[in-house]
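Here is how names work: the chains are called A, B, and so on, in the same order as the sequence lines, proteins then strands, and each is numbered from 1.
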There are 2 protein chains.
Amino acid sequence: MKTSQESLWLENQLCFPLYAVSRMVTKLYTPFLEKLDITYPQYLVLLVLWKEDQITVSDISEQLYLESNTLTPLLKRMEKKELICRERSKEDERKVVIALTRKGQELQKEAECVPTSIIEQFKSDDVKANEVVELKLTLNKLLNMFDRKLSEKTV
Amino acid sequence: MKTSQESLWLENQLCFPLYAVSRMVTKLYTPFLEKLDITYPQYLVLLVLWKEDQITVSDISEQLYLESNTLTPLLKRMEKKELICRERSKEDERKVVIALTRKGQELQKEAECVPTSIIEQFKSDDVKANEVVELKLTLNKLLNMFDRKLSEKTV
DNA sequence: TGTGATTATATCGTGTACGATGTAAAATTC
DNA sequence: GAATTTTACATCGTACACGATATAATCACA
């Protein structure tokens, strides 16, 4: 049984390795994304748009769990780089439709090598492939759980 | 076998749930930390200091994997809140020693309930306790691996 | 049909993160 | 022991995150 003091040790926390690994993985992407002149959150937006183009800000918001206060400035920066277009919907003037430009579409080909390059760096003697698979499964379960909790609170 | 297109789908990425869950867990802490008038990274600094007081900025940097460009302003804000003292070391004028104030020490008692409150929220029908343990183990392995890689590059 | 509630996005302020660079003290080298 | 290198922090600029709030368009319904 852990004492209440011990429960406050950094090495006993789950949250800390989650926070630290997340930042380190983002750093892994940086050299690859720099070549494409994009940041990691911008890459995530592109992943969403490459799957489905011409979607609203709130569609992106739902998929990435980022609010408009984060997305609006981020999307404006992507517009300035001419990766996307932002346009008010005709049917519903509240909505803003995000569409890939030619440049944004063409970036997909250049990005196709990124995922395997990253996975490569996860391989090591200590961390087996099946552990990484388990990690991803558990994280996705947690994500869905937190997602449900959030929507329950709104209702 | 995944196509190169499919490898760019958000749901096939490992990095994304890592990034999203990390942010969500930080949000879980917010209501608890707000009562203590601290942020999540400030809480991490306190965790380090509660274990070992009177350490240098680079000691904290090593444990949290945060550089001085992040820590210096963060520690200054904590100094303004009178949680810590920042003082140049007499032996080595380059070093800055961080020490808890009385207020910073006393905050520990109030924080002791936080870890269990958070763990409580991880429990769910979908995510079993042993999965959370596995998650933590794998994340720590990855953290150590990336840590080694970083130090190799410096050498 | 008007009017209050809801929705979709934007703005503002604060606090991280982090690459690049600066600076002064200490260590190393010649 | 002076010059060079390294170390320990600090500063600067840019880009997220996010709580709180604003605003305009749409919806709901009395």
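Whole-Å rounding puts the B:Arg86 CZ to D:dA10 P distance at 5 Å. To the nearest angstrom, P of C:dT16 lies 7 Å from NZ of B:Lys81. Atom NZ in B:Lys76 sits roughly 17 Å away from atom P in C:dT14 (whole-Å rounding). For A:Glu67 and C:dA10, the CD to P distance is 13 Å, given to the nearest whole Å. Taking atom CG of A:Asp37 as the reference point, atom P of C:dG19 lies 16 Å away to the nearest angstrom. C:dT16 atom P lies 10 Å from atom CG of B:Leu71, rounded to whole Å. Distance B:Lys95 NZ to C:dA24 C1': 15 Å, rounded to the nearest Å. Between the P atom of C:dT16 and the NZ atom of A:Lys27 lies a distance of 17 Å, rounded to the nearest Å.
No engagement by B:Glu34 is indicated, since no non-hydrogen atom pair under 4.0 Å with the nucleic acid exists. In this structure, B:Thr39 reaches the sugar-phosphate backbone alone: every heavy-atom distance under 4.0 Å involves primed, P, OP1 or OP2 atoms, never a base. Here B:Glu62 lies out of heavy-atom contact (under 4.0 Å) with every strand. Counting any heavy atom pair closer than 4.0 Å across all strands shown, A:Ser58 reaches sugar-phosphate atoms only and no base atom. Counting any heavy atom pair closer than 4.0 Å across all strands shown, B:Thr56 reaches sugar-phosphate atoms only and no base atom. Within the 4.0 angstrom heavy-atom criterion, base atoms lie near A:Asn69. Within the 4.0 angstrom heavy-atom criterion, only backbone atoms of the sugar-phosphate kind lie near B:Arg23; the bases stay farther away.
Side-chain N/O atoms of A:Arg94 and base N/O atoms of C:dT9 include no donor-acceptor pair closer than 3.5 Å.
B:Lys35 places no side-chain N or O within 3.5 Å of a backbone atom of B:Glu110 that could act as its donor or acceptor partner.
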